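Report on the following structure.
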Amino acid sequence: MGANETGPIGQSVRRREDQRFLTGAGQYTDDVTMAREAYVYFLRSPHAHAKISGIDREEARTAPGVLAIYTGDDLVGVNGLPCGWLITGTDGKPMNEPPHPVLAKGKVRHVGDPVAMIVAESLHQAKDAAELIVVDYEILPAVVNGVDALKPGAPQIHDEAPGNRCYTWALGDKGAVDAAFAKAHHVSKVDIVNNRLVPNAIEPRAAVASYSRADESYTLYVTSQNPHVERLLMTAFVLGLPETKVRVIAPDVGGGFGSKIYLYAEETAMVWASKHVNRPLRWAAERSESFISDAHGRDHVTHAEMAVDKDGKFLALRVTTTANVGAYLSTFASCIPTILYATLLAGQYATPAIHCEVTAVFTNTVPVDAYRGAGRPEATYVVERVVHQVGVDLGLAQDEVRRRNFIRTFPYATPVALTYDIGNYDATLDEAMRLADVAGFPARRAEAAKRGKLRGLGYSSYIEACGLAPSNIAGALGARAGLYEAGQVRVNPTGGVTVFTGSHSHGQGHETTFAQIVAGRLGIDIGSVEVVHGDTGRIPFGMGTYGSRSLAVGGTAIVKALDKIVAKGKKIAAHLLEAAETDIEFADGKFTVAGTDRSKAFGEVALAAYVPHNYPLDKLEPGLDETAFYDPTNFTYPAGTHICEVEIDPETGQTSVVAFSACDDFGNVINPMIVEGQVHGGLAQGIGQALLEHCVYDRQSGQLLSGSLMDYALPRADDLPTFKVGTKVTPCTHNPLGAKGCGEAGAIGAPPALINAVLDALAAVGVKDIQMPASPHRVWQAIQAAKSGATVAA
Amino acid sequence: MYSFDIRKADSVAAAAALIAQTGGRALAGGQSLIAAMKLRLAQPGTLVDLAGLTELQGIRRDGNALVIGAMTRHAEVAAAADVKAAIPALAALAEGIGDRQVRNMGTLGGSLANNDPAACYPAGVLGLGATVHTNRRTIAADDFFKGLYETALGDGELITQVSFPVPTKAAYVKFAQPASRFALVGVFVAQTGGGVRVAVTGAGPSVFRAKALEDALARTFTADAAKAVRIPATGLNSDLHGSAEYRAHLIPVLAARAVAALA
């Protein structure tokens with residue numbers, strides 16, 4: 001790093017935002033109060049699939065406190081919710097994109113589909129009125145499983161999507177793959193289900209929408225990861241309002257994991273209604289409502305085959321996936337099982353040929369969209385499960401089968417459209433094995449066996465593409481938006497710095513990390529740096545936070561703005577010091593004439609910019625306030641190896657994660673403590689998916705069976721071991737921070753590591769396959785089936 | 001939640017009268033009832049809060065029995081020296097219910113009156129052959145639990161206390177449902193003056209005694225004896241978290257662990 005990148009960069013600075021979070025001083029959407037506000041309640045479909053023959057709201061309309069009741073037909077001039085990514089199918093046609101009405105029109109397509117919006121003086125009155133609305137449902141057969149929905153005769157969900165197909169899309173050279181399979185020494189196969197997940201941020205979604213008759217403008221407080229995108233989609237695509245008339249504020253947000261990226265029906269209807277009712281409107285989801293209205297994650301059914309030669313070298317990978325996108329296309333639903341999935345199927349391996357075909361299918365379930373990792377956990381799960389199988393089939397140690405196939409020359413162009421800039425996969429594998437004490441495993445396994453327990457060790461060498469994304473590449477692939485980020489650095493007259501970022505922090509600690517970058521680069525105290533985010537009225541147009549992009553893209557935008565600040569500061573300092581601009585050096589917060597001790601502190605230059613009494617006004621504008629937009633030239637490629645050790649009680653099927661070791665390469669790290677925290681959180685979610693979390697719909701009725709935390713098992717502290725984490729660094733080659741991103745790695749790496757460990761443990765009793773989550777019941781069933789020689793259905 | 005009235009009484013008799021008069025429901029710790037009300041699944045017009053009634057509280061040793069007031073919180077049972085000394089398995093059972101918040105509010109009487117099929121206390125009460133005292137009568141544990149969320153309690157009948165005979169030894173082993181952490185299956189094994197009793201919760205529509213296990217353990221009180229017993233899956237619960245066959249399998253496994261814990 002250069003001399004001007006000292007100070008707090010690379011230090012575990014305590015999170016500055018935690019003071020307010022931990023003392024209850026955070027200001028979340030539901031903390032926002034306004035005069036004359038009214039409450040909103042959404043009446044939702046109790047049925048998975050039904051025609052609406054009529055809605056009688058007469059009695060409800062006159063119920064106490066009721067201000068208005070709206071149904072889909074009332075929202076005149078309001079378009080459906082858009083999908084932000086156009087996928088073109090293998091048939092050359094655009095995906096089937098059925099309308100996604102804000103409130104149901106004529107039909108409901110999943111349990112929880114909003115049917116009516118009730119506005120009342122109190123929440124209780126709104127709920128009471130909702131019970132008086134009589135919706136005449138004509139119940140239709142429902143289909144909730146993606147594979148079922150593609151079968152002939154399956155219930156038809158949208159007229160615009162024959163056979164419930166959204167698209168069939170493919171990536172890779174099918175001919176090359178077929179040729180490689182034809183000459184393969186061996187083919188390893190896996191059939192896997194990537195279980196559907198319910199995101200469960202600690203703060204449910206909420207909104208407060210108001211309208212000002214004074215200037216005909218709207219203000220929306222909302223739980224969003226990307227307020228500008230929310231505003232753009234809502235105004236331009238749905239409500240037909242000028243962007244200038246809508247201010248979207250995402251204040252403190254208690255977790256998102258992807259579920260708060262999207263434009264949802266609730267806040268859209270509320271913005272519209274706030275003018276009609278002419279009252280500020282508020283709504284906050286209850287947890288059970290979140291289960292049936294927040295976009296879910298994953299839900300893939302995949303068959304994968306790896307062709308290998310006699311030495312275990314991968315020749316080709318063939319993958320076929322059915323992706324359940326739910327009842328409607330959520331904002332980014334279409335790109336998750338395609339662009340963010342198939343492109344990652346090379347993993348860390350030099351597999352020469354890869355082909356992947358994905359069919360996206362509509363079902364009578366909550367829409368599925370990005371959830372922490374978004375496509376990349378699905379890809380990693382496929383790759384690492386099949387790699388594990390190759391190791392098993394050929395009798396190769398799990399580290400050895402990986403080493404024989406690692407990419408070691410960079411940049412590396414994969415057969416699935418990405419170019420990895422840099423990485424060192426041996427380094428992370430070696431360190432993970434050291435952390436996991438792989439050498440000591442046989443003794444631990446033997447000791448467990450004496451207690452009647454089965455021990456297993458599972459590997460996952462993952463890669464992800466983060467730092468979303470080069471806009472031109474994304475655009476060529478169907479993105480309907482850019483994927484740059486904006487940063488503004490405003491130096492105040494007294495030297496304090498306000499940073500306005502288009503990134504949005506909902507747990508990531510940006511107020512600390514970004515301040516570290518600014519303080520480090522400007523050589524000033526971190527306490528004089530303020531980070532502002534989440535308000536379209538204050539920040540430059542930003543794309544928000546998801547896909548582990550904030551530091552690599554948002555942080556870089558700030559660095560670019562800082563470069564402009566320093567460049568202008570040099571001009572001012574040159575004037576003040578009566579030196580040539582080219583002779584001015586900036587380091588440690590001082591502008592110095594090279595080779596002399598003559599200097600001006602950063603604060604003196606800032607003051608001169610705003611009190612320009614002695615200032616080159618003929619050549620330079622006053623002020624010190626710069627904005628930069630940064631559009632990356634490539635994705636970033638965080639990678640690493642995770643090793644999970646489990647112990648299984650064969651009598652009960654209970655799996656205990658006894659150790660989990662992760663070595664990740666996130667490039668340069670600004671705050672190691674925050675990064676470690678992100679890894680811990682990601683691992684918890686990844687272990688949650690592999691061991692506990694399971695969103696289950698009844699296959700006949702379409703009812704959500706795991707509809708509350710009483711049946712949907714989130715990971716708790718006592719489900720998790722003490723994580724052993726380490727990092728190895730290969731700096732990203734194409735952003736000035738050398739940063740890659742760390743937010744999703746745990747959720748990507750953990751599931752296959754855990755399931756491979758379970759398979760390793762259960763191999764001793766003849767079990768060859770298990771699906772996520774590896775619940776005690778499932779593990780027990782698998783053991784019973786192996787004993788009786790049968791196989792267990794997914 | 002719907003609107004409701006909340007009333008307090010100064011005695012059990014007065015509380016019962018208020019319930020009769022208002023058609024309301026008794027509120028004990030509220031850990032099930034309030035949650036159901038929040039979801040609008042329960043709609044009592046009036047709640048009669050039993051919290052202040054001292055006659056429903058307290059833990060005392062009475063000869064060879066431990067008597068626990070109906071409004072005694074789980075946390076109190078878990079921490080009570082008398083319980084730990086006389087029936088440590090009961091203290092451990094209470095310590096394993098829900099989370100700290102639930103244990104600080106939930107009550108013995110509330111749990112029994114609700115008779116959730118996966119609750120822990122019914123296994124302790126049935127396993128120990130306790131006697132349930134109400135404002136009207138006494139009911140033997142064997143006669144108390146009638147079915148899914150169903151008990152022998154009549155309208156307006158309130159549990160006042162439960163008398164647990166002190167066993168020779170007893171142990172409770174719970175296998176937790178991963179999400180709720182209620183018992184997927186919980187097995188309470190006790191050696192009592194009246195012989196070996198084995199009560200099972202979580203597995204069926206209501207807590208029940210596993211006679212086959214009782215008989216086997218009466219012959220030989222060993223883990224192997226318990227493990228050798230086969231429980232039929234017929235009539236057992238089957239859901240997202242476990243089939244009837246799995247639950248049937250777990251019953252002797254957990255019984256064996258309870259026995260092993262007593263060795």
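No experiment lies behind these values; they were computed from the predicted model shown. By convention in this document, chain letters (A, B, ...) are assigned in the order of the sequence lines, proteins followed by strands, and residues within each chain are numbered from 1.
- Residue contact with chain A, scored on non-hydrogen atoms closer than 4.5 Å, involves the side chain of B:Arg40 exclusively.
- Counting heavy-atom pairs closer than 4.5 Å to chain B, the top-ranked of the candidates A:Gly653, A:Ser288, A:Ser706, A:Pro776 is A:Pro776.
- Only the side chain of B:Phe175 has a heavy atom closer than 4.5 Å to any heavy atom of chain A.
- In the displayed structure, A:Leu22 atom CG is contacted under 6.0 Å by more than 12 heavy atoms of other residues, nucleotides or ligands.
- Interface summary for chain B: among A:Leu709, A:Leu705, A:Val696, A:Thr652, the most heavy-atom pairs under 4.5 angstrom belong to A:Thr652.
- Using cut-offs of 30° and 60° for the angle between ring planes, the A:Tyr697 and A:His296 rings count as tilted.
- Counting heavy-atom pairs under 4.5 Å between each of A:Asp128, A:Leu691, A:Asp719, A:Leu123 and chain B puts A:Asp128 at the top.
- Per-residue counts of heavy-atom pairs under 4.5 Å with chain A were compared for B:Leu240, B:Leu250, B:Leu254; the largest is that of B:Leu240.
- Most heavy-atom pairs under 4.5 Å with chain B: of the set A:Gln654, A:Glu693, A:Glu131, this distinction falls to A:Glu131.
- Proximity to chain A (any heavy atom under 4.5 Å) is restricted, for B:Leu39, to the side chain, taken from C-beta onward.
- Using modelled atom types, one finds a donor on one side chain and an acceptor on the other under 3.5 Å when comparing A:Asp711 with B:His241.
- Taking each heavy atom of A:Thr363 and A:Arg196 in turn, the nearest pair found is OG1-NH2, 4.3 Å.
- For the 3.5 Å distance criterion, the side chains of A:Asn195 and A:Gln689 qualify, holding a donor opposite an acceptor.
- Classified by interplanar angle (parallel below 30°, tilted 30° to 60°, perpendicular above 60°), the ring pair A:Tyr371/A:Phe257 is perpendicular.
- Neither the backbone nor the side chain of A:Asp698 comes within contact range of chain B; no heavy atoms are under 4.5 Å apart.
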Exercise. Starting from the C-alpha separation in whole Å, work towards a yes-or-no answer on side chain to side chain contact (heavy atoms under 4.5 Å, CB included) for B:Arg181 and A:Arg716.
Key: CA-CA 11 Å; B:Arg181 302 262 175 116; A:Arg716 298 177 217 195; 3.3 Å; yes
